Amino acid sequence: MISIIVPFKEGPHFLTDCLECLKLQTYKDFEVILVYNDKEEDVTDIVNNYKDCLDIHEYTCEKSGVSAARNMGIANSNGDMCYFLDADDYIFPDALAHYAEAAAKNDVDYFFGQKTTSYLSRTVFFAINNDYCDTEALNMYNLKRKSYKINFRAEFPEGTDPSTLSDEDAEKYHKNMAMGLLLATRRSVKNISVLHTLIKKSVIEKYKLTFDEDELFFGDLNFVTALLEATQNCRYVPDAYYVKRLHNDPEHYPALVQQQKDEKQAMLNAVYEKTMKKLDPKGDVAFYLTDVYANYYVYQYNKRMRKNKNDNYLGDNFKEMHRIAVTFPDRFVKSLKGYRKRSLKILRKGNEKKALHFINRHLAVKKLKKIINDPKKFNTYLYTNYFIKLPMKNNYVILESFRGKAYSDSPKYIYEYLAKTYPGKYKFIWVLDNRRTKLPYGGAKVKRFGLRYAYYLAVSKYVVLNVRQPGWFIKREGNVFLDTWHGTPLKRLVFDQEEVTSASPLYKHQFFVQSRLWDYLISPNNFSTDTFERAFMFEREKIVTCGYPRNDILYTHNNPESISSIKKKLGIPEDKILILYAPTWRDDEYYDKGKYKFTLKLDLNQMKEKLGDKYAVVLRTHYYIADHIDTTGLEGFVYNESDYDDISELYLISDILITDYSSVFFDFANLRRPMLFYTYDLEKYRDMLRGFYLDIEKEVPGPLLFTTDEVIDAIDNIDSLTEKYAERYDEFYDRFCHIEDGHASERICELVFNGKQF
C-alpha cells in the first residue's frame with residue numbers, strides 16, 4: 001500500500017483539486033495522510049465529501065512548517081511506500097498506476113517521474129488538454145518540462161530510452177536521472193524537491209531520512225540529498241505525471257517561494273552548510289549541490305547585489321557568501337570555466353568592491369547588446385534613465401486607447417471635450433501605431449514604444465488610457481493618472497477569477513501592481529463600481545461613477561443625419577437593416593500574449609443566403625484577436641469593420657446586435673435596440689474559462705442562441721422577441737445605463753482637470 005502524505009495550510013480550492021485527483025486514480029491501494037499545518041481555513045466539509053471514496057487520516061501538526069508536517073505524515077503512515085504530494089498540486093489519473101507497475105517489475109528503493117507546471121485548476125487543465133496524456137497539447141501550453149539536460153552524464157543524450165540499454169547502462173541511466181531531476185535540473189535551489197517521489201518506508205527508516213524542521217524554506221534539501229547519498233537504487237518513471245500548480249494570486253494565496261524573500265538568503269546559507277556537513281565532500285551529491293548553490297550566486301545573487309538598495313545582498317551577507325564559497329570542494333572549483341569561474345574566483349577572494357565592478361560591467365555589456373539590438377529596449381532605457389529626470393510639462397496630456405491600436409473609446413471623447421472646451425490650453429499626444437489616423441484639433445501622434453512615446457510618457461503630467469500602462473511606467477510626483485477602463489464587466493475580472501487561462505498567467509499580480517498607480521478609475525454604473533472595488537482590490541474613493549465618455553455619442557448623435565453620415569463613410573447601403581456581430585476572444589486560444597486566435601462559428605454564408613435581400617452584417621471582432629476573418633464571397637452582405645476605430649459609431653448605425661460574452665451589449669443597451677446572444681460555447685466559457693457576474697440565462701435582455709439556424713430564426717422574428725424581452729430589457733437598462741446621459745465626458749474632465757465635483 002502507498003501512503004500519500006499531503007500537508008495543508010491554506011487554499012480550500014487547491015485542496016479540493018488535490019483530493020479530486022486522488023479520487024480519480026486508476027490505482028486504488030493507497031491511504032491519504034492529510035496533515036494540517038498552521039491551517040487558516042476550515043476544510044471539514046471538503047474533506048468529509050471525500051471520506052466515502054478515499055481512506056483519509058487527518059492529523060494536526062503543532063510545529064510550523066511543511067517539513068514538520070511531512071515528518072508527522074511519515075510517522076503516521078501505514079503503507080510500505082511513502083509518496084509526497086502538496087495540497088496545492090495534483091497528479092494525472094494514471095500516475096500512481098504507472099508507479100505501481102514499475103514497483104512490481106523493479107525491487108528498488110525509490111521511484112520518481114515527470115513534473116509539469118500549470119497555473120490552472122485540475123478541471124481546467126484536463127479540459128483544455130482533453131486527453132491528459134496528450135504530449136502535443138502539453139507542449140503547446142508550455143506545461144511540459146522541456147529541459148532534462150544533465151551536463152555531468154554526457155554518455156546518455158536527452159531522449160535516451162533505457163529499455164534499449166544494457167542492464168549496467170540502464171542502472172547508470174536511472175541514477176543519472178535521479179541526480180538530475182531531484183537535485184540539479186535547471187540548476188535552481190527552489191526546484192530541489194521530494195515531491196512526486198515514491199520511497200520505500202523501510203528505506204526512510206533504515207537511513208533515518210527526515211525533513212529539517214528548523215528551516216521554513218529549503219526543507220527538502222536535507223531529505224533529498226540524504227536519500228541520494230544513501231542510495232541511487234531507483235527507477236525513473238517518465239509516464240507518471242505530476243502537476244506543480246503555480247500560484248497566480250500571490251496577494252491572497254502566495255506560494256511558499258513567494259513569501260519572506262528578504263529572509264531567504266540567510267536561510268539558504270544555513271541549510272546549505274548544514275547539508276554539506278552531512279555529505280561526502282568527494283561525492284557526486286556534494287559536487288552538484290555546490291553547483292546549484294554556486295549558480296544561485298552567479299545568476300541570481302549578483303544581480304540583486306547590483307540592484308540592492310537595503311544592504312540585503314551586501315556587507316555582512318556578501319561576507320557570508322564569501323565564507324561559504326571558500327569551502328567549495330576542490331573538485332568543483334577545478335571544473336569551473338568562463339564567466340562562472342571568474343565570478344566565483346572574485347567571490348572566493350572576498351573583494352566586494354571588485355565583485356560589484358565585475359558584475360556591473362558584465363551586466364552592462366549584456367544590457368548594451370540588448371539595447372543595441374532592440375529599439376524598444378533602447379527607448380525604455382532612455383525613459384528610465386534620462387527622460388524621467390526632465391521637467392514635467394503641466395499642460396501635456398498623453399492619451400492611449402487599446403494599446404495604441406485606435407483613436408477610440410473613452411480617451412477619444414475626453415480628448416475631444418477638452419480640445420473643444422479649452423482650446424489651446426493643453427498639448428495633446430495620442431499614442432497611435434497607425435500614423436495615418438486623422439486627428440481633429442491638431443493632436444500630436446506617437447508610435448507606442450517609440451522614442452517620442454518614451455519621451456512624452458515621461459514628461460506629461462496627465463496620462464489617460466483605457467487599459468493598463470506598461471509595466472516599466474514610473475509614476476512621478478505630480479502625475480495624474482486617469483484609467484477609463486473599457487467596459488461594464490460580464491466576465492469575471494482579476495481577483496474574482498479563480499483561473500487565469502489567458503496568455504499572461506501572472507496577470508493578477510501584474511494588474512495589482514500597475515493599478516496602484518491610478519488616481520482615477522471611471523465606472524459607468526453602480527454595479528461596475530462595486531465590481532471594480534472588489535475585483536481590482538481598488539480604493540472606492542478613486543472610482544468615479546460618471547458613465548462612459550464613449551457612450552455620450554449614443555445620446556448626442558442618435559439621429560438620422562448622423563447615422564446616414566457614418567453609413568456613407570463606410571460605404572454601407574442605407575436601405576439595409578444592419579446587424580452588428582461583435583464577438584469577444586477566448587482566453588485559452590492564443591498565439592502569444594495579447595494575440596488571440598478566433599474561428600468564426602457563425603455561418604455567414606448561410607445567413608447571406610437566407611437574409612441577404614433585406615439585411616447586412618457589420619463584423620467587428622475584439623482588438624485582441626489577431627486573426628483576419630476571411631469574408632471572400634460575402635461582399636455586399638458582410639462589412640468587416642474589425643479595424644474601424646470607433647465601435648460606438650457602429651452601435652449607432654446598427655439595428656440589431658449579435659454578441660456572445662463581450663461587454664458591448666452593456667453599451668448597446670443605451671440605444672434600446674434588439675440584442676441576440678450567440679453563445680455556442682456557453683458551458684465551457686462560463687464554467688471553465690471565466691465565469692460571469694450575471695446569470696446570463698436569466699438576466700441578459702435577449703435570447704441565448706446556439707446554432708446559425710437559431711440566429712436566422714431569431715432575426716426573422718425579431719419583433720416578437722423584442723416584445724418578449726421588453727420587461728427584462730427595461731430592468732437591464734435601469735441597472736446598467738442609469739447614469740448615461742451624454743455628459744460623462746464633461747463630468748470626468750471637469751473633475752480631473754479642474755477639480756469640479758458633480
Side-chain angles (χ1 to χ4, degrees), residues 391-435 437-448 452-453 455-469 473 475-476 478-487 517-524 542-557 562 645-649 652 667 670 739-758:
M392 182 180 290
K393 307 290 187 180
N394 290 326
N395 66 327
Y396 280 23
V397 184
I398 187 167
L399 306 103
E400 178 183 303
S401 177
F402 299 117
R403 299 188 175 93
K405 292 182 181 294
Y407 170 61
S408 66
D409 208 68
S410 292
K412 168 185 175 179
Y413 292 95
I414 288 172
Y415 162 68
E416 293 189 357
Y417 175 84
L418 288 172
K420 284 187 292 186
T421 309
Y422 302 101
K425 182 175 181 179
Y426 299 102
K427 177 178 175 62
F428 298 101
I429 303 97
W430 260 96
V431 181
L432 288 166
D433 289 339
N434 184 357
R435 299 298 300 276
T437 302
K438 294 182 179 179
L439 286 179
Y441 309 108
K445 291 177 284 187
V446 297
K447 188 173 183 179
R448 198 166 194 253
R452 295 171 69 237
Y453 169 83
Y455 167 75
Y456 282 118
L457 190 63
V459 302
S460 297
K461 175 175 181 176
Y462 298 97
V463 181
V464 181
L465 65 166
N466 68 345
V467 287
R468 287 178 289 149
Q469 70 277 19
F473 175 82
K475 185 168 184 185
R476 304 176 62 180
N479 264 141
V480 178
F481 198 115
L482 168 61
D483 195 290
T484 69
W485 202 239
H486 49 273
L517 304 184
W518 303 349
D519 295 293
Y520 301 94
L521 170 63
I522 290 180
S523 169
K542 294 183 178 181
I543 303 175
V544 185
T545 311
C546 62
Y548 273 144
R550 70 183 184 195
N551 288 337
D552 287 350
I553 191 176
L554 304 183
Y555 292 87
T556 60
H557 288 65
S562 297
D645 278 351
D646 195 346
I647 194 172
S648 296
E649 293 186 358
L652 268 181
D667 296 330
N670 285 282
I739 292 175
E740 307 283 15
D741 60 0
H743 295 283
S745 300
E746 177 184 353
R747 284 190 286 268
I748 191 63
C749 287
E750 293 302 329
L751 172 65
V752 173
F753 291 87
N754 292 320
K756 295 181 181 179
Q757 300 294 327
F758 57 88

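Keep in mind that what you see is a predicted model, and the values were worked out from it rather than measured.
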Is any side-chain heavy atom of [X] closer than 4.5 Å to a side-chain heavy atom of [Y]?
| X | Y | answer |
| --- | --- | --- |
| Val480 | Leu482 | no |
| Ile522 | Cys546 | yes |
| Tyr456 | Lys427 | yes |
| Lys447 | Leu432 | no |
| Val459 | Lys393 | yes |
| Ser401 | Trp430 | yes |
| Tyr455 | Val446 | no |
| Gln469 | Val463 | no |

[X] side chain to [Y] backbone, donor-acceptor under 3.5 Å:
| X | Y | value |
| --- | --- | --- |
| Arg476 | Ala458 | yes |
| Asn466 | Phe402 | yes |
| Glu740 | Tyr548 | yes |
| Asp433 | Arg448 | yes |
| Asn479 | Lys461 | yes |
| Arg468 | Asp483 | no |

N-O pairing of Asp645 and Lys438 below 4.0 Å: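 No, no charged N to carboxylate O under 4.0 Å.
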Rounded distance [0.5 Å steps], [atom1] in [X] versus [atom2] in [Y]:
| X | Y | atom1 | atom2 | value |
| --- | --- | --- | --- | --- |
| Glu750 | His743 | CD | NE2 | 12.5 Å |
| Ile429 | Arg452 | CD1 | CZ | 9.0 Å |
| Leu652 | Ile647 | CG | CD1 | 11.5 Å |
| Asn434 | Lys405 | CG | NZ | 11.5 Å |
| Asn754 | Cys749 | CG | SG | 9.0 Å |
| Leu751 | Gln757 | CG | CD | 5.5 Å |

Shortest non-hydrogen separation from [X] to [Y] and the atoms involved:
| X | Y | result |
| --- | --- | --- |
| Leu399 | Val397 | CD1-O, 3.7 Å |
| Asp552 | Ala744 | OD1-N, 3.0 Å |
| Phe481 | Leu517 | CB-O, 3.6 Å |
| Pro423 | Lys420 | CD-O, 3.6 Å |
| Ile543 | Ser523 | CG2-CB, 3.7 Å |

What class does the angle between the rings of [X] and [Y] fall in, given that below 30° is parallel, 30 to 60° is tilted and above 60° is perpendicular?
| X | Y | answer |
| --- | --- | --- |
| Tyr407 | Tyr415 | perpendicular |
| Tyr426 | Tyr422 | perpendicular |
| Phe753 | Tyr462 | tilted |

Passing candidate, side-chain contact (heavy atoms from CB on, under 4.5 Å) with Tyr520, options Thr484, Val464, Val544: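 Filter result, single survivor: Val544.
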Criterion side-chain contact (heavy atoms from CB on, under 4.5 Å) on Leu418 and Phe428, from CA distance to verdict: CA-CA 10 Å; Leu418 288 172; Phe428 298 101; 3.7 Å; yes
Under the salt bridge (charged side-chain N to carboxylate O under 4.0 Å, His left out) test, residues paired with Asp741 that sit two or more places apart: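 Checked Asp741 against salt bridge (charged side-chain N to carboxylate O under 4.0 Å, His left out); matches are Arg747.
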Contact list for residues 406-417, test salt bridge (charged side-chain N to carboxylate O under 4.0 Å, His left out), sequence neighbours left out: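 Matches after skipping sequence neighbours: Asp409-Arg550, Lys412-Asp646, Lys412-Glu649.
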Listed partners of Asn670 passing side-chain hydrogen bond (donor to acceptor under 3.5 Å, both in side chains), at least two apart: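 In terms of side-chain hydrogen bond (donor to acceptor under 3.5 Å, both in side chains), with neighbours along the sequence ignored, Asn670 is linked to Tyr555.
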Test side-chain contact (heavy atoms from CB on, under 4.5 Å) applied to Asn395 and Lys425, step by step: CA-CA 7 Å; Asn395 66 327; Lys425 182 175 181 179; 5.9 Å; no
